[in-house]
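The next block holds one structure in the form of structure tokens; read it before the comments.
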Amino acid sequence: MKKVLRWGVCGLFVMGVFGMAYAQFAKPEDAIGYRKGAMTLIGHHFSRIGAVVQGKAPFDKGAVAKDAELVATLSTLPWDAFMAPGAEKGQTHLKAEALKDKEGFRAAADATVAETARLSQVAATGDLDVIKTQFGAAGKSCKGCHEKYRTH
Ligand code: HEC
């Protein structure tokens with residue numbers, strides 16, 4: 001009985017978390033604003049790591065680890081907002097095809113979630129060579145989706 005209760009409570013908690021992650025948007029513009037905001041933040045913190053990797057900024061281990069952690073967290077956010085009804089119309093660079101290929105879009109999103117999580121892990125070690133390699137892999141996952149599902 002105790003066990004059943006515990007799983008029940010656990011289930012409710014999980015539903016709550018998914019409920020939040022599956023953000024509901026009153027208007028398509030809200031979904032567009034949300035995902036553009038998330039993407040802008042991802043781009044900002046990702047390019048800070050990029051500057052270090054390219055030797056344009058000094059390597060501060062703590063700063064890179066923090067940026068990588070932020071990118072990994074932020075990368076879990078925007079995907080539902082791309083799939084909101086009517087979200088391919090309006091001020092957006094999302095290709096309409098993305099909504100016809102939700103599985104493909106999701107797979108591209110999952111790749112970035114996985115690669116940025118890995119980047120966060122390696123950034124914590126402070127090994128710049130490994131960070132460089134993983135930054136490349138993560139960047140490739142961003143590009144893969146942009147080429148397929150973004151107008152430019
Ligand atoms: C699954 C697809 C997908 C992945 C993965 C993805 N993006 Fe995007 N990104 C998009 C789309 C689509 C847009 C256009 C958003 C819009 O206009 O509604 C966009 C827009 C952007 C923008 C411009 C934001 C704006 O205001 O229009 C930046 C910067 C960006 N992405 C960076 C990144 C980075 C960095 C990564 C990897 C860490 C990444 N993206 C991964 C699909 C993706």
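Read the numbers this way: they start at 1 and go in the same order the structure lists the ligands and their atoms. Nothing fancy with the numbering, it's 1 onward along the sequence.
Distances from atom 8 (Fe) of ligand 1 show that C142 has no N/O/S atom below 2.8 Å.
In terms of modelled atom types and a separation under 3.5 Å, the side chain of T73 and the main chain of E69 share a donor-acceptor contact. No donor-acceptor distance shorter than 3.5 angstrom exists from the side chain of E97 to the backbone of Y149, with no hydrogens or angles considered. In this structure, T76 contributes its side chain and A72 its backbone to no donor-acceptor pair below 3.5 Å. No side-chain donor-acceptor contact under 3.5 Å links K148 to the backbone of A108.
When side chains are defined from C-beta on, V52 does not count as touching I131, because their heavy atoms never get closer than 4.5 Å.
Atom-to-atom distance recorded for T112:OG1 and K143:NZ is 13.0 Å, nearest 0.5 angstrom. The CD atom of E88 sits 9.0 Å away from atom OG1 of T92, with the distance rounded to the nearest 0.5 Å.
Protein heavy atom closest to atom 26 (O) of ligand 1, with residue, atom name and distance, is T40 OG1, 3.3 Å. Annotation: atom 17 (O) of ligand 1 to nearest protein heavy atom, H93 N, 2.7 Å. Among all non-hydrogen protein atoms, the one lying nearest atom 15 (C) of ligand 1 is F82 CE2, 3.8 Å. In terms of protein heavy-atom proximity, atom 2 (C) of ligand 1 is nearest to C145 SG, 1.7 Å.
Every atom of ligand 1 is numbered from 1 in the order shown, and the set under 4.0 Å from a heavy atom of T112 is 5 (C), 37 (C), 38 (C). Those atoms of ligand 1 with a heavy atom of A108 less than 4.0 angstrom away are 1 (C), 5 (C). Of all the atoms in ligand 1, the ones that sit under 4.0 Å from a non-hydrogen atom of L94 are 12 (C). Atoms of ligand 1 lying under 4.0 Å from at least one heavy atom of I42, given by number and element, are 34 (C), 35 (C), 38 (C). Heavy-atom contacts of A109 reach the following atoms of ligand 1: 1 (C) (cutoff under 4.0 Å).
Using a cutoff of 4.0 Å between basic side-chain nitrogens and carboxylate oxygens, R106 and D80 are scored as salt-bridged.
At a 4.0 Å heavy-atom cut-off, ligand 1 touches F105 through backbone and side chain alike. Proximity of T92 to ligand 1, defined as any heavy-atom pair under 4.0 Å, is shared by backbone and side chain alike.
Annotation: R35 places an N or O atom under 3.5 Å from an N or O atom of ligand 1; distance criterion only. Considering backbone and side-chain atoms alike, Y149 places every N or O at 3.5 Å or more from each N or O of ligand 1.
Ring planes of F105 and F82: tilted class, angle from 30 to 60°.
Between R150, M39, K36, it is M39 that holds the heavy atom closest to atom 43 (C) of ligand 1.
Atom 8 (Fe) of ligand 1 sits nearest to atom NE2 when only the N, O or S atoms of H146 are considered.
Of the options L74, L70, V71, I42, a side-chain contact (heavy atoms from CB on, under 4.5 Å) to T116 is made by V71 and by none of the others.
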